[in-house]
**Q** 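Sharing a structure with you now.
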Amino acid sequence: MLFTASGTDTQPLCPMCQSAAAEVQYDYVKIKIVRCTTCGLWRTCPRLSADELTRYYAEHYYNPERQQAGQYEKWRDANKDVWSVNAEVVAKEARERRLGPSLLDVGCGHGFFMEQCLARGLQARGIETSPHAIEYATQTLKLDVRQLTLDQIPPDEYYDIVTLWGVLEHLPDPLLAMRQVHAHLKPGGMVWVMTPNTNALERFLKGAQYFNFLNQTHLTHFHRRTLKALLERAGFKNVRRYIHWGGGTRSGFAAAAQYAARVLCLGTELRFIAEK
């Protein structure tokens, strides 16, 4: 079934090629998952309004009730291995490239990844839009986090490393966002992007019940070709997938299967690294 976007905030044109024409992949009545017929990028269209997205984040991501219930600490402990592996691979690549230690974590949330970076000698700062997440990161974890969007970063502020873990799919204009990231990287600096994988085996098995589509804050849906194309359009070079072992609680055969899925690009996450 064909779909033509109106070009409004809730029915945006394709963020990569500005085409209105798309093909419906999954229809949830109120929203649809569509594939651009020009460049192949998938997106949610129509999408929630800005006010609806704000309420969704407050209800499902960051709120005082979750903090008072100890949910933040549970997330921190349950995923510590993930944050640790992420920080270790970033620090390792930075050392091998002889990059400086300055790092900006975009959409840093509670700051759990930043904690692990600091423990490895990186000078990590974060930007976040949720006041409640910022309060937790700055007051509880004593981290350097500011309430800023990418376009609000001072123009003379540059970093050796910029990371976006599970962030790009939430942004209304991912191409513009990556161009802004590019502008704040030092020459030779590197960016890390992790986002859900549209072509994951889980999507082929679950179809419309795939988690990436059910989360209404996920506005754009990438597979390896479209993410690579978007990063290249944003001005990055040497764009490639980064495949690593570990991160999570799997061990033995389950860990080997996870690694094989990453190699075959059938895992639930895409992880790309690129340079300025």
**Q** For the side chain of Glu128 and the backbone of Gly126, is there at least one donor-acceptor N/O pair under 3.5 Å apart?
**A**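 Judged by distance alone, no pair lies under 3.5 Å.
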**Q** Measure from the side-chain N and O atoms of Arg179 to the backbone N and O of Ala177, and report whether any donor-acceptor pair falls under 3.5 Å.
**A** no
**Q** Quick check for you: to the nearest 0.5 Å, what is the distance between Leu168 atom CG and Thr195 atom OG1?
**A** 5.5 Å
**Q** Determine yes or no for a side-chain-to-main-chain donor-acceptor pair under 3.5 angstrom, with Gln152 supplying the side chain and Thr149 the backbone.
**A** yes
**Q** Quick check: do Tyr72 and His132 have side-chain heavy atoms less than 4.5 Å from each other?
**A** yes
**Q** Who passes salt bridge (charged side-chain N to carboxylate O under 4.0 Å, His left out) against Lys276, sequence neighbours left out?
**A** none
**Q** Quick one: do Arg146 and Glu157 make a salt bridge, cutoff under 4.0 Å?
**A**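 Glu157 and Arg146: salt-bridged.
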**Q** Please examine the side chains of Ile273 and Arg240, heavy atoms only from C-beta on, and report whether any two atoms are closer than 4.5 Å.
**A** yes
**Q** Is the side chain of Thr44 donor-acceptor paired with the backbone N or O of His218 at a distance under 3.5 Å, no angle test?
**A**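 Present.
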**Q** Taking the inter-plane angle between the rings of Trp83 and Phe113 on a 0 to 90° scale, is it parallel (under 30°), tilted (30 to 60°) or perpendicular (over 60°)?
**A**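 Taking Phe113 first and then Trp83, their aromatic rings sit tilted (interplane angle of 30° to 60°).
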**Q** I'd like to know if the side chain of Arg35 reaches the main chain of Leu41, judged simply by a donor and an acceptor atom lying under 3.5 Å from each other, with no hydrogens or angles considered.
**A**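 Flag not set: sc Arg35 to bb Leu41 has no pair under 3.5 Å.
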**Q** Heavy-atom distance under 4.5 Å between the side chains of Asp151 and Leu176, does that happen here?
**A** no
**Q** Tell me whether Thr140 contacts the main-chain N or O of Ala137 through its side chain, where contact means a donor paired with an acceptor under 3.5 Å.
**A**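 No: the side chain of Thr140 does not pair with the backbone of Ala137.
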**Q** Ion pair present between Arg95 and Glu88, side-chain N to carboxylate O less than 4.0 angstrom?
**A**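 Salt bridge between Arg95 and Glu88, a charged N being under 4.0 Å from a carboxylate O: yes.
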**Q** Tell me if a side-chain donor or acceptor on Arg241 pairs with a main-chain N or O of Lys228 at a distance below 3.5 Å.
**A**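 Side chain of Arg241 to backbone of Lys228: no pair is present.
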**Q** Any idea which heavy atoms bring Asn199 and Leu266 closest together, and the distance?
**A**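 Result for this residue pair: O-CD2, 3.7 Å.
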**Q** Working to the nearest 0.5 angstrom, can you tell me the gap between Leu2 CG and Thr4 OG1?
**A** 7.0 Å
**Q** Using modelled atom types only, decide if a donor and an acceptor are shared between the side chain of His110 and the backbone of Ala133 within a distance under 3.5 Å.
**A** no
**Q** Ion pair present between Arg55 and Glu59, side-chain N to carboxylate O less than 4.0 angstrom?
**A** no
**Q** Quick one: CZ on Arg224 to CZ on Phe272, what's the gap to the nearest 0.5 Å?
**A** 8.0 Å
**Q** Are Trp165 and Tyr57 connected in a single hydrophobic cluster, I mean Ile/Leu/Val/Met/Phe/Trp/Tyr linked by side-chain heavy atoms less than 4.5 Å apart?
**A** yes
**Q** Is it true that Lys237 and Glu232 make a salt bridge, defined as a side-chain N closer than 4.0 Å to a carboxylate O?
**A** no
**Q** Can you classify the ring geometry of His184 versus Tyr158 as parallel (below 30°), tilted (30 to 60°) or perpendicular (above 60°)?
**A** tilted
**Q** Tell me, do Phe236 and His182 make a side-chain contact under 4.5 Å, heavy atoms counted?
**A**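 Yes, at least one pair of side-chain atoms sits under 4.5 Å.
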**Q** Would you say Leu103 and Asp160 make side-chain contact, with heavy atoms under 4.5 Å?
**A**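 They are not in side-chain contact.
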**Q** Between Phe213 and Tyr26, what is the ring plane arrangement, given parallel below 30°, perpendicular above 60°, and tilted in between?
**A**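 If you compare the ring of Phe213 with that of Tyr26, the planes turn out tilted.
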**Q** How about Glu275 and Asn238: does a side-chain donor come under 3.5 Å of a side-chain acceptor?
**A** yes
**Q** Does any non-hydrogen side-chain atom of Leu122 lie less than 4.5 Å from one of Val90?
**A**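 The answer is yes, as the side chains (C-beta and beyond) meet within the 4.5 Å cut-off.
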**Q** Is there a side-chain contact between Pro174 and Thr220 in this structure, where contact means two heavy atoms from C-beta onward sitting under 4.5 Å apart?
**A**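 A side-chain contact exists here, since the closest heavy-atom pair is under 4.5 Å.
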**Q** For Arg47 and Thr217, which I'm curious about, is there any donor-acceptor pair between the side chains at under 3.5 Å?
**A**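 No, no side-chain donor-acceptor pair sits under 3.5 Å.
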**Q** Is it true that a side-chain atom of Arg203 and a backbone atom of Tyr210 form a donor plus acceptor pair closer than 3.5 Å?
**A** no
**Q** Can a donor-acceptor pair be found, under 3.5 Å and without considering hydrogens, that links the side chain of Gln11 to the backbone of Ser6?
**A** yes
